[in-house]
Participant: 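Here's a structure for you.
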There are 2 protein chains.
Amino acid sequence: MNAYVMLGVFQTTQKLRAALRRLSRAGLPPLDLQMQFLRRGRCPRSVALSRKLHVGADGSRSSPAAAPQRLPFSRVTVEDLAIFRKILPGRVITDPDLVRSSNEDWLKSVRGSSEVLLRPQTTQEVSQILRYCNSRNLAVTPQGGNTGLVGGSVPVYDEIILSTSFMKNILFFDNISGILTCQAGCVLENLVLYLEERDYIMPLDLGAKGSCQIGGNVATNAGGLRLLRYGSLHGTVLGLEVVLADGQVLDCLSTLRKDNTGYDLKQLFIGSEGTLGVITAVSILCPRKPKSINVVFLGCETFDQLLKTFQLCKGMLGEILSAFEFLDSECMRLLNTHLKLPNPISDCPFYIVIETSGSDSKHDSQKLHNFLEEAMTSLLVTDGTVATEDTKIKALWSMRERVTEALIHDGFTYKYDISLPVERIYQLMTDMRQHLGNRARSVVGYGHVGDGNLHLNITSSARDLALLASIEPFVYEWTARFHGSISAEHGLGLKKRNYIYYSKSGPAVALMGNIKTLLDPKGILNPYKTLPDDLK
Amino acid sequence: MNAYVMLGVFQTTQKLRAALRRLSRAGLPPLDLQMQFLRRGRCPRSVALSRKLHVGADGSRSSPAAAPQRLPFSRVTVEDLAIFRKILPGRVITDPDLVRSSNEDWLKSVRGSSEVLLRPQTTQEVSQILRYCNSRNLAVTPQGGNTGLVGGSVPVYDEIILSTSFMKNILFFDNISGILTCQAGCVLENLVLYLEERDYIMPLDLGAKGSCQIGGNVATNAGGLRLLRYGSLHGTVLGLEVVLADGQVLDCLSTLRKDNTGYDLKQLFIGSEGTLGVITAVSILCPRKPKSINVVFLGCETFDQLLKTFQLCKGMLGEILSAFEFLDSECMRLLNTHLKLPNPISDCPFYIVIETSGSDSKHDSQKLHNFLEEAMTSLLVTDGTVATEDTKIKALWSMRERVTEALIHDGFTYKYDISLPVERIYQLMTDMRQHLGNRARSVVGYGHVGDGNLHLNITSSARDLALLASIEPFVYEWTARFHGSISAEHGLGLKKRNYIYYSKSGPAVALMGNIKTLLDPKGILNPYKTLPDDLK
């Protein structure tokens, strides 16, 4: 649908005309370019942080987030390297300059000291490597695009880095069922482009899509922007091929929507952060590409009104609703201040980004029109703007997606990824602000309302242990009180492994430990991650 | 939307007028009544079958489907009963007449000889029972609505039957998120009615909804009619409470859409058929109730045209498509012959049932109209009829749902539930017919095209070992050759446990065995089910 059609839909409704401010004045660069800028790490703070080795959120070794003592794994010898070179001719990297970037996470918040980076191309090679490492008691950190936020994808000490970057073949696509089968190292954006030509989309979309790999997405059970519509990877991933710690290849690479023959083993590896096996191939159910996409940016006076707008939206947009995201006025301030992104509407305490995806542009715009009319006449929203063209859709989306970037410019950032019953998510923000008083520079909230997922971020001018002590365990205790999750979509990795008990019971964590021992008796796979230290 | 509106939509299209035959002449009784009739077991063949104890598909003990020798579990003593009566006052059933129906499966194809039926009301009671049984080495068969098709929910020998029928409390419903939390024994239809009043629906729908229980649905990973739209239970089940074999309560009863804190343990129990733990409570994400539902019944000349219709349908109906089912002309013959159900359209080799569910009846009917016009002008479908009113929708649906019932009247039935790449599903039918020649009475195919799931049923006048030898392993080998699943949605239970290797690799089955041993070291939970005998 073009903007003209959309305008036509709106022209009968006086009240909504004000909402239709054109976005041209914003003149935002495309999101992808911005992400590339961010990834080059030109923020001075990042450089300073990168000098710290495997530290926790507070930079100290005493924090539950800090790395434990190195476990008694073997150290890589010249003989080991010779074996690796035989298995992977020309793909064993030991040049420190080349290994460095794989030692460090995307946020430059944790860094390992691995001296070996392996780049297999085939499942068989992964199998040979793991079989050897297991026999030699050598620890291995599997790594995809290394875009995780909890220090899960980099070594803590000298673990061998097993990169899936060279495993980037698309193996099969069934154009009737929309089932894609590919190697684990396929970059998400490349899959998106491949499917685009075939009139399909990936069921997940992430800001990091230009770098992240599907194997890593599955290993961290990535959520992202389309979960509201297409559900989690536990539903859309149909099959996995996994190499176990001892080199055994577990072939669960089904390409069927239904298969009830025994236990659904692949589920164990979705979200296990490479601690139970190395995912080498994925089959995933892809939705048809929507013919029509609209994005609306709205303003609300209160969070209660925002929730009512969500309810109204679910009822009136129904099956075409594909995202319902929010940011608060503090996010907008940071976008304005640090990125010079102007507010596309008038100032409000809360902002909503709604996306619709459907198969009939006229129907979609009518539904959207009806919804907006109801939302405005019932005074749930106070201002808004609509985008139907691709560049303007991207510009509106960037108001939500670039908050992370704006935060980096604001100072040292404490990041929390909380899942709560949706009616509670902003209460945590209010309580946290009251609790911290003026000790923090900024306390900002944004996230996926549709999924009950709040990204709570707190900044200070520099690392501040007293401030951290005020935030934690307050934030975790608050979350646990309302039966929330202390990691909605980022995982536990290194940084949050010891906080697991805030969201999981002792028997559940103990069972996880038993499953780890069953699948990886020597514990060589991604040690110090996911499970708490007291299990090891 | 009423029928008038629908007629209005169609009146401009001459070609489609013929498709709008009214269903009133069919005069079908409501489906629910028919199901009740079926459940009362008034089919004489069922009575005969019920005299056979735990037999396989061929009735012999030599079949891979037959029960293995009894394992050395303890036998229930008077002292055990006294303990049970203390834990469950008034809810320990030993009257043989009362225990009988719980010993026998819905199809009356397998029967155990248990003498004890326990009816706990709380998780704590389940925990106490299992702790005791585990300590005494007493085997236990968990049982929900006992509507399974593979002999998974009844004892094989004298296993204690642990029924969840008295655990029928709805614990919580969040009207904003649509997340329902309830005890495992809630009957699916009761949940449907509860949600209906709150403007929501269950994400799964089954013919057995009047009897089946949500705990059993989850334990068998039930598929059903809405999977195409709302996905599998691996995606929609958000949390489970499970009592493990040793009585430990595993609380994974999250009510969050996102939770990445450690391994997703609940997934292990979805589809494990009560062999890893007893599900005592479920939280599940429920979709909003659609405001508009339409059902179309169409006829096609070839299966290739049927697949092309499916492709067209996915593109043109997009987000409102909620079911795409099929039956072949042999099914129609059985419906006509045994149930006197007249064909609502003219005779065709293939029939399609399409359901749409949406939030705007006008939009939905326009989309449907456009699709039907395209399907008929491009000669993909040759005839059809549309229903928009509830009773007529049910009548059309019954043409698909009552095939099972018609089969019972046709003779002894060999049932197969196969998952295949969608373009292969009817090739199996053709090959099977050719392979069997005139040895079978009927060879009929129906199922969920949208999910690649074929229900292949073969009948004969009486049990026929020679015929069975012609069907098996032919059907399993054929399925394995095309990487299909030999049990798409029914599970393995007792009857299909030894066929698991046709769909799962040796290492995968071995890992399942290790997980079973980890969670249930004595093997007391639902023995002889799901896993093959060679693992035990």
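As a basis for the values below, the full set of heavy atoms in this structure was taken, side chains included, without hydrogen atoms, waters or symmetry mates. Just so it is clear: chains get the letters A, B, ... in the order the sequence lines come, proteins before strands, and each one is counted from 1.
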Participant: Sort out for me which of A/Ser487, A/Ser272, A/Gly506, A/Gly235 touches chain B most, counting heavy-atom pairs under 4.5 Å.
Facilitator: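 Of the candidates given, the most pairs with chain B belong to A/Ser487.
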Participant: Here's a test for you: under side chain to side chain contact (heavy atoms under 4.5 Å, CB included), which of B/Leu256, B/Leu285, B/Ile284 qualifies with B/Ile179?
Facilitator: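 The single option meeting the side chain to side chain contact (heavy atoms under 4.5 Å, CB included) with B/Ile179 is B/Leu285.
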Participant: Where on A/Gln311 is there a heavy atom nearer than 4.5 Å to chain B: the side chain, the backbone, both, or neither?
Facilitator: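 For A/Gln311, heavy atoms of backbone and side chain both lie under 4.5 Å from chain B.
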Participant: Would B/Thr261 and A/Tyr502 count as having a side-chain donor-acceptor pair, cut-off 3.5 Å?
Facilitator: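 No, A/Tyr502 and B/Thr261 have no side-chain donor paired with an acceptor closer than 3.5 Å.
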Participant: What part of A/Leu492 is in contact with chain B, defined as an atom under 4.5 angstrom from a non-hydrogen atom: side chain, backbone, both or neither?
Facilitator: both
Participant: Consider ring-ring contact (aromatic ring centres under 6.0 Å, His included). Of A/Phe371, A/Tyr426, A/Phe324, which one does A/Phe310 pass it with?
Facilitator: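 Single pass found, and it is A/Phe324.
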Participant: Determine the option with the most heavy-atom pairs under 4.5 angstrom with chain A, choosing from B/Gln267, B/Gln248, B/Arg288.
Facilitator: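 Most heavy-atom pairs under 4.5 Å with chain A: B/Gln267.
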Participant: If you round to the nearest 0.5 Å, how far is CD1 of A/Ile418 from OG of A/Ser503?
Facilitator: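 Going from the OG atom of A/Ser503 to the CD1 atom of A/Ile418 covers 7.5 Å.
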Participant: Below 4.5 Å from any heavy atom of chain B, which atoms of A/Leu518 appear? Answer side chain, backbone, both or neither.
Facilitator: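 For A/Leu518, the contact with chain B is made by the side chain alone.
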Participant: Chain B heavy atoms under 4.5 Å from A/Thr220: which part of the residue, side chain, backbone, both or neither?
Facilitator: backbone
Participant: Would you tell me whether B/His369 and B/Glu374 have side-chain atoms, one donor and one acceptor, within less than 3.5 Å of each other?
Facilitator: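 Result is no, nothing qualifies.
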Participant: Tell me, side chain or backbone of A/His483 under 4.5 Å from chain B's heavy atoms, or both, or neither?
Facilitator: backbone
Participant: Between B/Gly358, B/Ser505, B/Gly452, which residue shows the highest count of heavy-atom pairs closer than 4.5 Å to chain A?
Facilitator: B/Gly358
Participant: Can you check side chain to side chain contact (heavy atoms under 4.5 Å, CB included) on B/Leu268 and A/Asp264, steps first, answer last?
Facilitator: CA-CA 7 Å; B/Leu268 271 179; A/Asp264 194 354; over 6 Å; no
Participant: In terms of side-chain geometry, is the basic nitrogen of B/Lys504 or A/Asp251 positioned less than 4.0 Å from the acidic oxygen of its partner?
Facilitator: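 A salt bridge is absent here (no side-chain N lies under 4.0 Å from a carboxylate O).
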Participant: Does any heavy atom of chain B fall under 4.5 Å from the side chain of A/Asp174, the backbone, both, or neither of them?
Facilitator: side chain
Participant: Under a 4.0 Å threshold between the charged nitrogen and the carboxylate oxygen, would B/Glu273 count as salt-bridged to B/Lys529?
Facilitator: no
Participant: Where does A/Asn514 contact chain B at under 4.5 Å (heavy atoms): side chain, backbone, both or neither?
Facilitator: both
Participant: Name the member of B/Asn370, B/Leu228, B/Leu244 that forms the most heavy-atom pairs with chain A at distances under 4.5 Å.
Facilitator: B/Leu228
Participant: Examine whether an atom of B/Asn221 lies under 4.5 Å from a heavy atom of chain A, and if so say whether it belongs to the side chain, the backbone or both; otherwise answer neither.
Facilitator: both
Participant: Of all of A/Ser359, A/Gly450, A/Gly271, which one pairs up most often with chain B through heavy atoms under 4.5 Å apart?
Facilitator: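 Ranked by heavy-atom pairs under 4.5 Å with chain B, first place is A/Ser359.
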Participant: Highest number of heavy-atom pairs under 4.5 Å with chain B: which of A/Ile176, A/Ile320, A/Asn175?
Facilitator: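 Looking at each option in turn, the highest pair count goes to A/Ile176.
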Participant: If you count heavy-atom pairs under 4.5 Å between each of A/His448, A/His490, A/Lys496, A/Lys289 and chain B, which one has the most?
Facilitator: A/His448
Participant: Measure distances from A/Leu250 to the heavy atoms of chain B and classify the residue's part below 4.5 Å as side chain, backbone, both or neither.
Facilitator: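 Answer is side chain: those atoms of A/Leu250 sit under 4.5 Å from chain B.
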Participant: What residue, out of B/Leu519, B/Ile270, B/Leu276, has the most heavy-atom pairs lying under 4.5 Å from chain A?
Facilitator: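 Winner by heavy-atom pair count: B/Leu276.
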Participant: Would you call B/Asp360 and A/His363 a side-chain contact if the rule is heavy atoms closer than 4.5 Å?
Facilitator: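 No. Closest side-chain heavy atoms not under 4.5 Å.
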Participant: Please rank A/Gly231, A/Gly223, A/Pro287, A/Gly315 by heavy-atom pairs under 4.5 Å with chain B and give me the top one.
Facilitator: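 Ranked by heavy-atom pairs under 4.5 Å with chain B, first place is A/Gly315.
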Participant: Side chains of A/Asn453 and A/Ser419 only: does a donor on one sit below 3.5 Å from an acceptor on the other?
Facilitator: no
Participant: Does any backbone or side-chain atom of A/Pro421 lie under 4.5 Å from a heavy atom of chain B? Answer side chain, backbone, both or neither.
Facilitator: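 Backbone plus side chain of A/Pro421, per the 4.5 Å heavy-atom cut-off to chain B.
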Participant: Answer with yes or no after comparing the ring centroid distance for A/Tyr200 and A/Phe173 against a 6.0 Å cut-off, counting only values under it.
Facilitator: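 Yes, the ring of A/Tyr200 comes within the 6.0 Å limit of the ring of A/Phe173, centre to centre.
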Participant: Is B/Thr181 reaching over with its side chain to a backbone N or O of B/Ser283, donor-acceptor style, under 3.5 angstrom?
Facilitator: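 Checking the backbone N and O of B/Ser283 against the side chain of B/Thr181, no donor-acceptor pair under 3.5 Å is found.
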Participant: Among A/Leu227, A/Asp417, A/Thr275, single out the residue with the greatest number of heavy-atom pairs under 4.5 Å to chain B.
Facilitator: A/Leu227
